[in-house]
Amino acid sequence: MTGFDLTALLAERGAERYELHSRHLNHQLPRMLHTIGFDKFYERAEGAYFYDADGQDYLDMLAGFGVMGLGRHHPVVRRALHDVLDAQLADLTRFDCPPLPGLLAEKLLRHTPHLDRVFFGNSGTEAVETALKFARCATGRPRVLYCTHAFHGLTTGSLSVNGEDGFRDGFAPLLPDTAVELGDLAALERELGRGDVAGFVVEPVQGKGVTAAPPGFLRAAQELLHRHKALLIADEVQTGLGRTGDFFAYQHEEGVEPDLVCVAKALSGGYVPVGATLGKEWIFKKVYSSMDRVLVHSASFGANAQAMAAGLAVLSVMEDEGIVANARRTGDLLRSRLAALTDRYELLHEVRGRGLMIGIEFGRPKSLGLRSRWTMLQAARKGLFAQMVVVPLLQRHRILTQVSGDHLEVIKLIPPLIIGEPEVDRFVEAFTAVMDDAHSGGGLMWDFGRTLVKQAVANR
């Protein structure tokens with residue numbers, strides 16, 4: 001035994017967390033957190049809550065960008081990980097066929113009966129990278145279509161189908177790609193007509209802005225793609241595993257059967273990074289066409305025992321505890337209560353989404369006093385008002401949320417799928433208090449807004 005003691009190390013140096021990040025990691029992260037007052041010291045977490053050293057709870061409406069679908073430290077997932085470690089399995093030998101990956105693949109494919117096989121990687125961006133490679137190999141074509149405002153990851157391949165210029169800047173050249181607007185079938189058909197498209201990758205509900213594909217679009221896109229011998233790739237990294245009130249978000253539209261489906265985030269149980277790409281038999285047989293190509297696409301840590309155990313436990317909990325139904329029921333309740341506030345607050349433009357993936361959009365007010373303040377913020381940087389709402393939700397009401405994308409006046413709610421009516425009550429009451437303050441025309445919110453304007457101007 002060594003003298004390493006993790007508990008003692010955290011007790012001794014845990015308070016240095018922001019300094020350590022500033023010195024050794026991404027130095028802009030602590031700077032950003034200090035600026036907006038998010039530089040908290042969370043000591044532990046359970047379910048849908050964080051706790052600080054004083055025992056105060058913080059409601060998590062972010063779920064680690066969707067990773068914590070079952071909340072933090074679900075006992076069933078924890079027990080599965082203890083069990084797999086205690087079993088001391090012969091893991092990652094690379095030259096055997098362990099049972100856990102096969103069992104998890106079997107369980108996942110039950111939710112997609114039109115698909116046949118699974119590749120396991122380590123993250124959402126790897127799941128997308130796999131789909132891009134498989135689509136190009138299966139079709140023999142180079143180009144992949146994607147949607148403006150899409151987010152599919154930040155590694156080079158997935159970045160090539162990322163619809164946000166801010167992420168792409170400085171990393172060209174990327175893969176052959178073309179963006180179309182979500183819902184624009186004419187643009188999709190025009191690009192397919194060039195005959196070089198391998199596939200079209202799409203989020204059924206875009207994370208940026210929380211924008212759902214228009215009714216009928218996915219089905220029509222699928223028909224166009226297949227007519228042109230191209231593939232439909234559904235990116236369910238954030239929307240999958242119950243987030244939108246169905247197991248997969250594409251299942252909201254009848255008749256949609258993607259050729260490839262990307263899964264990650266919530267499959268991990270919040271513990272072990274995992275990604276999965278589900279696909280049709282013929283696609284996998286094109287990729288793995290001979291024994292010589294058995295390792296043509298692989299991942300060193302893919303299908304490791306800990307990740308597979310976590311995934312199996314997650315799917316078991318989802319079935320046993322009715323997680324998908326809870327996401328639909330609680331999401332409908334939260335969305336309806338927030339939507340009822342649009343008539344009360346002129347700054348509140350729209351509430352939209354599916355299940356527990358909800359977007360709250362703010363817009364230009366009508367009254368002169370509020371309009372002048374809104375214009376001041378917009379002139380400095382679009383998205384500042386949404387940030388003005390996010391900050392007091394945390395600082396005054398101990399609720400963690402996020403702005404849904406750069407230069408957007410939209411807050412995205414993606415809480416753990418286990419929340420219920422008490423969490424809905426807490427969020428709506430806090431949100432109402434923040435909006436009351438915003439519409440008063442004074443108060444701390446607008447003081448903070450002026451601070452954000454100064455910061456935005458200084459960063460230009």
With sequence neighbours excluded, what pairs up with His34 under the side chain to side chain contact (heavy atoms under 4.5 Å, CB included) test?
-> Tyr18, Pro30, Asp39
If we ignore angles and hydrogens, is there a donor and acceptor under 3.5 Å between the side chains of Gln28 and Arg31?
-> yes
Donor-acceptor contacts, no H, no angles, side chain residues 412-419, under 3.5 Å, sequence neighbours left out:
from: Lys412; atom 1: NZ; to: Gly207; atom 2: O; distance (Å): 3.3
from: Lys412; atom 1: NZ; to: Gln238; atom 2: OE1; distance (Å): 2.9

Residues at least two apart in sequence or cross-chain that pass ring-ring contact (aromatic ring centres under 6.0 Å, His included) with Phe217, listed by chain then number, are none
Full working for ring pair (Phe, Tyr, Trp, His ring centres under 6.0 Å) between Phe362 and His349 = CA-CA 5 Å; Phe362 306 100; His349 177 66; 9.9 Å; no
Ionic contact status for Arg426 with Glu423, cut-off 4.0 Å | no
Tell me, do Thr277 and Val118 make a side-chain contact under 4.5 Å, heavy atoms counted?
-> no
Are Leu241 and Leu315 side-chain neighbours, meaning at least one heavy-atom pair lies under 4.5 Å?
-> yes
Short side-chain to backbone donor-acceptor contact, Asp184 and Ala186, under 3.5 Å | yes
Nearest 0.5 Å, what's the CG-CD1 distance between Leu62 and Ile399?
-> 13.0 Å
Just by distance, with hydrogens left out, do Thr330 and Glu421 show a side-chain donor and acceptor under 3.5 Å apart?
-> no
Under a 4.5 Å cut-off applied to non-hydrogen side-chain atoms, are Asp52 and Tyr58 in contact?
-> yes
Exercise: do Glu129 and Thr155 side chains pair donor with acceptor under 3.5 Å = yes
Salt bridge Asp116-Lys280, side-chain N to carboxylate O under 4.0 Å | no
For Glu19 and His24, test the side chains for any donor-to-acceptor distance below 3.5 angstrom and give the result as yes or no.
-> no
Does the pair Glu319/Lys107 count as a salt bridge with the N-to-O cut at 4.0 Å?
-> yes
Between His439 and Tyr345, how do the two ring planes meet: parallel, tilted or perpendicular, split at 30° and 60°?
-> tilted
Ring geometry between Phe427 and Phe431 (parallel below 30°, tilted from 30 to 60°, perpendicular above 60°) = parallel
Under a 4.0 Å N-O cut-off, is there an ion pair linking Asp332 with Arg329?
-> no
Is the number of heavy atoms from other residues, nucleotides or ligands under 6.0 Å of Arg371 CZ greater than 12?
-> yes
Does the distance from a Lys or Arg side-chain N to an Asp or Glu carboxylate O, for Asp60 and Arg72, drop under 4.0 Å?
-> yes
Does a side chain donor of either Gln378 or Thr375 reach within less than 3.5 Å of an acceptor in the other side chain?
-> no
Taking C-beta and beyond as the side chain, do Asp91 and Leu100 meet within less than 4.5 Å on heavy atoms?
-> no
Short question: side chain of Ser316, backbone of Ala313 - any donor-acceptor pair under 3.5 Å?
-> no
With the threshold set at 4.0 Å, does a side-chain nitrogen-carboxylate oxygen contact exist between Asp86 and Arg79?
-> no
Step through the shown structure and confirm whether more than 12 heavy atoms of other residues, nucleotides or ligands are within 6.0 Å of CZ on Phe65.
-> no
State plainly whether the residues Arg352 and Glu361 are in salt-bridge range, i.e. N to O under 4.0 Å.
-> yes
Please step through side-chain hydrogen bond (donor to acceptor under 3.5 Å, both in side chains) for the pair Asn162 and His152, ending with a clear verdict.
-> CA-CA 6 Å; Asn162 191 312; His152 298 292; over 6 Å; no
Smallest heavy-atom separation, Pro392 atom then Val434 atom, equals CG-CG1, 3.9 Å
Do the non-hydrogen side-chain atoms of Thr148 and Leu182 ever get within less than 4.5 Å of each other?
-> no
Does a donor on one side chain sit under 3.5 Å from an acceptor on the other, for His252 and Thr244?
-> yes
Salt-bridge present (Glu43, Arg17; N to O < 4.0 Å) | yes
Is the CD atom of Glu46 crowded by more than 12 outside heavy atoms at less than 6.0 Å?
-> no
